[in-house]
Amino acid sequence: MQKQKRENFSSKLGIILATAGSALGLGNIYRFPCEAGANGGGAFLIVYLIIALVIGTSLMTTEFIIGRRAKANPIGAFRKLRSGPFWPFVGILGVLCAFLILAFYTTVAGWTLGYLGKSVAGHFSGQDLPQIQQQFTSFTNHPWLPLVCQLVFLALTALVVARGVKNGIERYSKILMPLLLVIMVILCVKSLTLSGAHDGLKFFFNPDFSKLNASVLINALGQSFFSLSIGMGCLITYGSYISKEDNLLSSATSVTLADTLVAILAGIIIFPAAFTFGIQPEAGASLAFTTLPMVFQQMTGGYFFCLIFFLLLVIATLTSTISLLEVIVAALTEELHLSRPAAAIYSSIATALIGIPATLSFRNGSILNLGGHSLFDLLDHITASYFMPIGGLLIVLFAGWWMKKPDTMDELTNGGTLSLPIRRAVYFIIRYIAPVAIIVIFVSQMLK
Ligand code: PFF
């Protein structure tokens, strides 16, 4: 049996960029506005911020701790740190979750590629709202185009992962992520000058607490886990590539802040525009894909901005699909001793087998779409509302109660060299606050 050599990120910036690359993606620009729109705007935002900043940062740090301590994929990591059959099973659930997310994520990833093509061809110029909405419907209902885009996206992902994470991700993320931030700020400025800006901002920032209920809580929890790539072992895998000197808590905090900032920017772009053009905030999947082209229409140099935006969105999405496939590939190479390229090819084929029906389920009248509930929605719902919260709960319980405290603290403080009080507080969150919060939210949803 061949022993695989483990990779390492080359610098502190490398981890932050790679993790940010995983975190920033469709979850921020497509899914966050969709969820905020469907869950009452401001009230959702507040709950989301609390969960992301408190539980999200702690859980991200926890995944890094487990990964770096064990230097293994999620399945192997649990096995190394604690004997018995149960904990590796949590790793298996995580890998399964990555696989299910990748299947439906590549559906929307394919759309971004299609929309990049549309922006190159100038399909949005001079179009009014009904025409832009019609473009979304005809693209998602097209007999083969969304499937080709999805498969091309999956193939690109497999190509990068087959070559290895370090070469694959670090290099691309360095310039492109900051560039995405710049273009989003420009789009915000434009959106804020639109006539519906006041109403859009009111919807997004002014919390109406009467809208708060168990569904909003679980949706905010699921969205924060989805957006931060936590609760399924993705960051255990990345943690295993982090070197001993790096500061896990500060890296996790930087990534959480950047990810939250991008989600808020997406809201500031989308809601003012939606209120200006008369698009329902609850529009769902089409929200970002109809609102954004309408904003570009209003801008001087809209063609250029649209093109750059969709190009950057494709890349941000690619760094997320890479991280999802990496979870599966790391598990297959280490647990089943497959070569990287073979693992990347097999897992992409398996992903396509579920991903293709997910894409087809978007078509009007599809048999995979029962009463408005598509296979796509089902995959999205079970991963964000069940797999990730349960996975996240088990991960914090493991680090807080089953791992030896000196081991956890050793990783948190880099062998006692980093400041202790704040890390004690994080340990307290990992041990008590995060598990209780996740259980309360999860149970309140079940009892609803
Ligand atoms: N965080 C990514 C996004 O916001 O688009 C999606 C994602 C990537 C979820 C990796 C989970 C994951 F493991």
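Both counts, for ligands and for their atoms, begin at 1 and track the order of listing.
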Residues two or more places apart in sequence or in another chain: which of them pass side-chain hydrogen bond (donor to acceptor under 3.5 Å, both in side chains) with Q223? R31
If the cut-off is 4.0 Å to any non-hydrogen atom of S227, which atoms of ligand 1 fall inside it? 1 (N), 4 (O)
N/O separation below 3.5 Å, S323 to ligand 1: no
Side chains of S374 and D377: any donor to acceptor distance under 3.5 Å? yes
Do any nitrogen or oxygen atoms of D259 come within less than 3.5 Å of a nitrogen or oxygen of ligand 1? no
Heavy atom of the protein closest to atom 5 (O) of ligand 1 (residue, atom name, distance): Y105 OH, 2.4 Å
Could you identify the single nearest non-hydrogen protein atom to atom 8 (C) of ligand 1 and state the distance to 0.1 Å? S229 OG, 3.3 Å
Mind listing the side-chain donor-acceptor pairs of residues 52-60 below 3.5 Å, one per line with the distance, residues two or more places apart or on another chain?
unit_1 : atom_1 : unit_2 : atom_2 : d
T57    : OG1    : L53    : O      : 2.6
S58    : OG     : V54    : O      : 2.7

Got an N/O contact under 3.5 Å between C234 and ligand 1? no
Please state which part of M232 comes within less than 4.0 Å of ligand 1, counting heavy atoms only: side chain, backbone, both or neither. side chain
Taking only heavy atoms of L26, which atoms of ligand 1 are found under 4.0 Å from at least one of them? 5 (O)
Indicate whether any N or O donor in one side chain lies under 3.5 Å from an N or O acceptor in the other, for T290 and Q133. no
Would you say the side-chain atoms of N247 and N414 include a donor-acceptor pair closer than 3.5 Å? no
Does A23 reach ligand 1 with a nitrogen or oxygen that is under 3.5 Å from one of the ligand's nitrogen or oxygen atoms? yes
For F226, the atoms of ligand 1 under 4.0 Å from one of its heavy atoms are 1 (N), 2 (C), 4 (O), 6 (C), 7 (C), 9 (C)
Please tell me whether F124 and F296 form a close aromatic pair, meaning their ring centres lie under 6.0 Å apart. no
Could you check atom 2 (C) of ligand 1 against the protein and tell me its nearest heavy-atom contact, residue, atom and distance included? S22 O, 3.2 Å
Taking distance alone, with N or O pairs closer than 3.5 Å, would you say M388 contacts ligand 1? no
Mark up the atoms of ligand 1 that fall under 4.0 Å of a heavy atom belonging to G27, in ascending order. 3 (C), 4 (O), 5 (O)
Exactly one of R423, K71, R69 clears salt bridge (charged side-chain N to carboxylate O under 4.0 Å, His left out) with E411, and that residue is R69
Inspect the contact between R68 and E63 and indicate whether a charged nitrogen and a carboxylate oxygen are less than 4.0 angstrom apart. no
Do I264 and F205 make a side-chain contact, defined as non-hydrogen atoms from C-beta onward lying under 4.5 Å apart? yes
Quick test of your reading of the model: are E334 and R79 salt-bridged, counting only N-O distances below 4.0 Å? no
Close-contact set for ligand 1 against N28 heavy atoms, below 4.0 Å: 4 (O)
Nearest-contact summary for atom 12 (C) of ligand 1 - protein heavy atom, Å: L324 CD2, 3.3 Å
